[in-house]
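Bear in mind that the values here come from a model prediction, so they are computed numbers and not experimental data. In what follows, residues are counted from 1 in the order of the sequence shown. Ligands are counted one by one from 1 in listed order, and the atoms in each one are counted from 1 as well.
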Amino acid sequence: MEKLKSLFKSKADAAANEIKEILKEHGQKKIGEVQLAQAYQGMRGITGMVYETSLLDAQEGIRFRGFSIPELQAKLPKAPGGTEPLPEGLFYLMMTGELPSADDVNALSRDWAERAKNMPEHVFKTIDALPLNAHPMTQFVTGVMALQTESIFSKKYAEGVNKKDYWSHTYEDSMNLIARLPSIAAYVYRRKYRGGKSVAADASLDWAGNFAHLLSFDQEGFKELMRLYLTIHADHEGGNVSAHTTHLVGSALSDAYLSFAAGMNGLAGPLHGLANQEVIKWIIEMQRNLGTDTPTGEQIAGYVQKTLSEGKVVPGYGHAVLRKTDPRFTAQQEFAKKHMASDKMVNSVWRIFETVPPILQSLGKIKNPWPNVDAHSGALLLHYGMEEYEYYTVLFGVSRALGVLAALCWSRALGFPIERPKSVTTENVKAWLKGEDQIWE
Ligand code: CMX
């Protein structure tokens with residue numbers, strides 16, 4: 001068995017034993033109280049699941065197995081001559097809880113390059129059946145669904161598999177899917193925006209570097225951006241729509257392809273991952289509206305008021321959990337300061353950052369006026385010439401696979417059951433308030 005797989009299994013077995021002991025002694029302890037409003041308002045603040053790969057702190061932002069983004073930037077292995085972390089390293093960390101060596105990361109790059117070979121032709125043909133104007137996320141998810149024919153888990157399940165082996169087949173599916181996602185994603189990009197030009201993979205490159213190459217962005221700067229981008233978008237604990245959906249669907253023993261595709265349909269919503277395209281669209285419309293690509297703070301403030309008065313959200317701002325500037329925004333800002341400090345779009349993003357929070361704060365109802373990850377990412381992509389903003393969420397999706405599939409492997413290895421929370425009707429609630437129904441007593 002390869003090193004990562006056997007290390008993962010030994011860590012998961014140890015964790016499973018620990019969890020058994022914890023539950024034996026403390027399983028009846030209360031971990032919170034639920035208010036009626038929370039049941040109506042998106043279950044915000046309810047702790048109701050275990051998700052091992054990362055944890056979000058409202059003030060500090062995301063930590064992956066205890067490591068913040070700046071710590072990962074310092075500690076994870078880099079590409080030769082590069083300064084950004086390799087996403088392979090983050091995957092290894094999420095799977096094992098251990099920081100990988102450069103050799104571990106290199107082994108993973110080679111493994112994924114190998115697994116990416118011989119993509120079944122029907123995947124591309126299935127995408128080709130869609131009209132060109134289908135949204136890139138629709139084309140991407142369609143490709144993932146077509147690839148589900150390759151699921152080892154579903155084949156083994158059909159043959160009759162011992163539940164002790166679910167983890168192993170989920171692991172193989174997850175590794176194969178992650179390896180092949182750049183080819184599917186890049187195919188969608190080239191089909192929709194580059195007249196279907198074909199590009200052969202460069203198996204000598206790392207996963208993110210090869211993805212940049214498949215997209216036909218061969219500048220070293222873009223490759224470095226992809227390494228950072230695919231690292232910081234990978235995971236955001238378990239309750240966000242894409243992670244929770246993947247987890248939920250996976251709990252029905254739907255395989256990694258079905259579960260990931262479900263999560264991606266959630267990522268494609270404008271309040272979640274699609275916000276990255278909405279941000280750039282909003283800025284471009286603002287610049288057009290104001291007749292300048294260097295708007296002042298005052299001009300931006302006026303446009304924000306217009307957006308709000310039209311009953312729209314300001315994309316890229318706010319968060320269901322975070323209450324400070326997203327460290328993923330800050331990491332991208334640092335990248336921009338280093339590589340493109342005088343870029344006009346980047347400067348607009350920074351001016352918006354100075355202008356928007358006090359306006360949102362003044363409304364009194366928005367719990368987090370600060371920028372999230374999506375507020376910055378588009379400007380970086382535009383700088384390198386990727387202008388097709390409808391594509392941006394696909395990049396988020398390729399990255400998100402690392403976190404949600406690592407978490408799926410953990411859920412199968414820990415033997416988590418099918419997820420099935422309780423719901424009630426407003427009729428139940430009214431009867432309970434009158435003392436006629438005991439639903440919560
Ligand atoms: N612009 C305008 N209004 C906003 C807002 C924003 N950026 N963020 C929140 N609000 C509004 C909400 O719509 C809500 O209004 P109503 O009471 O009229 O319904 C009110 O403020 C309270 O919302 P909240 O509790 O602060 O935020 P939620 O947890 O409900 O929602 C989020 C969080 C991210 C959906 C929301 O802030 C938003 O819509 N932001 C813009 C879209 C965006 O950037 N999404 C990407 C998030 C990161 C990601 O998943 O990729």
Side-chain angles (χ1 to χ4, degrees), residues 35 37-46 51 54 56 58-59 61-62 69 137 229-247 263-283 285-286 300-332 349 352-353 355-381 389 391-404:
Q35 291 160 2
Q38 290 173 293
Y40 277 96
Q41 290 164 357
M43 298 192 281
R44 211 74 86 252
I46 299 175
Y51 186 92
S54 65
L56 181 58
Q59 306 298 324
I62 192 68
I69 287 175
M137 280 302 279
Y229 191 109
L230 299 181
T231 299
I232 63 175
H233 286 79
D235 211 28
H236 219 222
E237 77 170 26
N240 67 78
V241 171
S242 52
H244 190 192
T245 307
T246 307
H247 175 80
M264 288 301 98
N265 284 319
L267 193 76
L271 295 188
H272 190 20
L274 204 80
N276 63 6
Q277 80 165 44
E278 294 301 295
V279 167
I280 284 301
K281 192 169 153 218
W282 182 81
I283 300 177
E285 276 166 14
M286 171 173 72
I300 293 168
Y303 196 76
V304 169
Q305 295 295 359
K306 174 172 147 35
T307 301
L308 294 171
S309 69
E310 289 167 355
K312 299 176 189 164
V313 295
V314 179
Y317 282 77
H319 201 272
V321 179
L322 272 171
R323 295 294 175 257
K324 283 272 168 68
T325 295
D326 192 334
R328 300 172 299 175
F329 176 93
T330 310
Q332 295 179 90
V349 166
I352 293 166
F353 177 33
T355 312
V356 166
I359 300 176
L360 295 185
Q361 208 143 28
S362 71
L363 299 179
K365 68 168 184 178
I366 298 175
K367 296 191 192 70
N368 179 38
W370 303 105
N372 58 56
V373 66
D374 301 313
H376 210 311
S377 53
L380 303 178
L381 297 166
Y389 54 72
Y391 185 75
Y392 293 172
T393 310
V394 176
L395 300 175
F396 193 156
V398 171
S399 170
R400 189 45 61 101
L402 300 177
V404 300

Which protein non-hydrogen atom lies closest to [atom], naming both residue and atom, and how far is it?
atom                    : answer
atom 36 (C) of ligand 1 : Tyr317 O, 4.4 Å
atom 16 (P) of ligand 1 : Lys365 NZ, 3.6 Å
atom 45 (N) of ligand 1 : Leu271 O, 2.9 Å
atom 50 (O) of ligand 1 : His272 ND1, 2.6 Å

Could you tell me, atom by atom, which parts of ligand 1 come under 4.0 Å of a heavy atom of [X]?
X      : answer
Gly318 : 34 (C), 37 (O)
Val314 : 1 (N), 2 (C), 6 (C), 7 (N), 41 (C)
Ala275 : 43 (C), 44 (O), 45 (N), 46 (C)
Lys367 : 25 (O), 26 (O)
Phe396 : 51 (O)
Gly316 : 43 (C), 44 (O)
Arg44  : 28 (P), 29 (O), 30 (O)

Heavy-atom distances under 4.0 Å decide this one: backbone, side chain, both or neither, for [X] against ligand 1?
X      : value
Leu308 : side chain
Ala320 : both
Asp374 : side chain

Do side-chain atoms of [X] reach the backbone of [Y] as a donor and acceptor pair under 3.5 angstrom?
X      : Y      : answer
Arg328 : Asn372 : no
Thr245 : Gly263 : no
Asp374 : Ala275 : no
Glu237 : Ile62  : no

So how far is it from [X] [atom1] to [Y] [atom2], rounded to the nearest 0.5 Å?
X      : Y      : atom1 : atom2 : value
Gln277 : Met137 : CD    : CE    : 10.0 Å
Leu360 : Lys365 : CG    : NZ    : 10.0 Å
Asn240 : Leu267 : CG    : CG    : 8.5 Å

Determine if the distance from [atom] to the closest protein heavy atom is below 4.0 Å.
atom                    : value
atom 27 (O) of ligand 1 : no
atom 32 (C) of ligand 1 : no
atom 14 (C) of ligand 1 : no
atom 40 (N) of ligand 1 : yes
atom 6 (C) of ligand 1  : yes

- Query: Ile366 near ligand 1, heavy-atom distance under 4.0 Å?
  - Reply: yes

- Should Trp282 and Val304 be marked as a side chain to side chain contact (heavy atoms under 4.5 Å, CB included) after you check the CA-CA gap, both sets of side-chain angles, and the distance that decides it? CA-CA 10 Å; Trp282 182 81; Val304 169; 3.9 Å; yes

- Task: Decide yes or no on side chain to side chain contact (heavy atoms under 4.5 Å, CB included) for Leu381 and Tyr229, but give the supporting numbers first.
- Result: CA-CA 10 Å; Leu381 297 166; Tyr229 191 109; 4.1 Å; yes

- Message: Going by the closest heavy atom to atom 47 (C) of ligand 1, which one wins out of Asn372, Leu267, Val373?
- Response: Asn372

- Mind checking whether His247 and His244 have parallel, tilted or perpendicular rings, split at 30° and 60°? tilted

- Side-chain H-bond candidate by donor/acceptor type, Tyr51 with Asp235, under 3.5 Å: yes

- Item | Audit row: Phe353, Thr325, side chain to side chain contact (heavy atoms under 4.5 Å, CB included) steps and yes/no | CA-CA 10 Å; Phe353 177 33; Thr325 295; 3.6 Å; yes

- Could you go step by step and tell me if Tyr303 and Glu285 meet the side chain to side chain contact (heavy atoms under 4.5 Å, CB included) rule? CA-CA 10 Å; Tyr303 196 76; Glu285 276 166 14; 3.7 Å; yes

